[in-house]
Amino acid sequence: GNVIIGDRVEIGSLNTVCRATLGNTVIEDDVKTDDHVHIAHNCHLRRGALLTACVELSGGVDVGEYAWIGPNSSVIQKVKIGNRAFVGIGANVTKPVPDDAVVAGNPAKVLRFNK
């Protein structure tokens with residue numbers, strides 16, 4: 001497997017970006033990660049996604065365009081975070097997050113949708 005990193009990507013200190021086991025781990029253009037972020041194998045971070053401090057993505061997570069994942073959040077394997085979604089601080093995401101949704105809690109639940 002490979003890691004593919006796009007243009008204008010900013011990766012914070014003490015990050016882990018794991019090589020894919022099959023296929024690719026992909027970080028598209030304009031993605032930013034804060035410090036202490038873990039991106040497991042086969043993840044796909046789409047354009048403009050923002051991962052804040054201590055986010056943990058398990059294998060095969062798909063983060064949508066311009067999604068924001070709050071500090072100390074965890075996302076279980078193979079979950080999709082929708083475009084422009086907002087994951088609150090410390091959330092434990094165990095199910096897919098729809099586009100434009102705001103989620104928080106353990107387990108994370110939809111609180112509202114942004115317009």
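Just so you know, these numbers use all the heavy atoms, side chains as well, and skip hydrogens, waters and symmetry mates. Residue numbers count from 1 along this sequence.
- Side-chain contact between Val3 and Asn24: absent, with no pair of heavy atoms (C-beta onward) separated by less than 4.5 Å.
- A search for side chain to side chain donor-acceptor pair (under 3.5 Å) contacts involving Thr16 returns nothing, not counting sequence neighbours.
- No side-chain donor-acceptor contact under 3.5 Å links Thr33 to the backbone of Leu51.
- Contact of the Ile11 side chain with the Ile5 side chain is registered, since non-hydrogen atoms from C-beta on lie closer than 4.5 Å.
- Residue pairs meeting the salt bridge (charged side-chain N to carboxylate O under 4.0 Å, His left out) criterion with at least one partner in residues 67-92, sequence neighbours excluded, are Arg84-Asp100.
- With sequence neighbours excluded, the residues that form a side chain to side chain contact (heavy atoms under 4.5 Å, CB included) with Asp35 are Ser13.
- At least one donor-acceptor pair under 3.5 Å links the side chain of Thr25 to the backbone N or O of Asn42.
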Can you check side chain to side chain contact (heavy atoms under 4.5 Å, CB included) on Ile27 and Val17, steps first, answer last?
CA-CA 9 Å; Ile27 301 175; Val17 180; 4.0 Å; yes
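- Evaluation of the salt bridge (charged side-chain N to carboxylate O under 4.0 Å, His left out) test over residues 57-73, restricted to residues two or more places apart or in two chains, returns Arg46-Asp62, Arg47-Glu65.
- The minimum heavy-atom distance between Val93 and Ile81, with the atom names listed, is CG1-CD1, 3.9 Å.
- Across all their heavy atoms, Pro96 and Pro98 have their closest contact at O-CD, 3.9 Å.
- Each ring pair (Phe, Tyr, Trp, His ring centres under 6.0 Å) pair with one or both residues in residues 89-108, not counting sequence neighbours, would appear here, but there are none.
- Between the Asp29 side chain and the Asp7 main chain, a donor and an acceptor come within less than 3.5 Å of each other.
- Put simply, Val9 and Ile39 are part of the same group of oily side chains (I, L, V, M, F, W, Y) that touch within less than 4.5 Å, one to the next.
- Applying the salt bridge (Lys or Arg N to Asp or Glu O under 4.0 Å) test to Asp30 and every residue at least two apart in sequence or in another chain returns Arg8.
- Looking at every heavy atom in both residues, Gly82 comes nearest to Ala67 through O-CB, 3.7 Å.
- Rounded to the nearest 0.5 Å, atoms CG (Asn15) and CG (Asp34) are 8.0 Å apart.
- When the side chain to side chain contact (heavy atoms under 4.5 Å, CB included) test is applied to His36, the partners found at least two apart in sequence or on another chain are Leu14, Cys54.
- For residues 67-112, the ring pair (Phe, Tyr, Trp, His ring centres under 6.0 Å) pairs, not counting sequence neighbours, are Trp68-Phe86.
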List the atom pairs, with distances to 0.1 Å, where a side-chain N or O of residues 105-115 and a protein N or O form a donor-acceptor pair under 3.5 Å, not counting sequence neighbours.
{"residue": "Asn106", "atom": "OD1", "partner": "Asn92", "partner atom": "ND2", "Å": "3.0"}

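- Gln77 approaches Ser58 most closely through the heavy-atom pair N-CB, 3.3 Å.
- When all heavy atoms of Val79 and Lys95 are compared, the closest pair comes out as CG1-O, 3.4 Å.
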Donor-acceptor pairs under 3.5 Å, side chain of residues 69-76 to any protein atom, not counting sequence neighbours: which ones?
{"residue": "Ser73", "atom": "OG", "partner": "Gly70", "partner atom": "O", "Å": "2.9"}
{"residue": "Ser73", "atom": "OG", "partner": "Gly88", "partner atom": "O", "Å": "3.0"}
{"residue": "Ser73", "atom": "OG", "partner": "Ala91", "partner atom": "N", "Å": "3.4"}

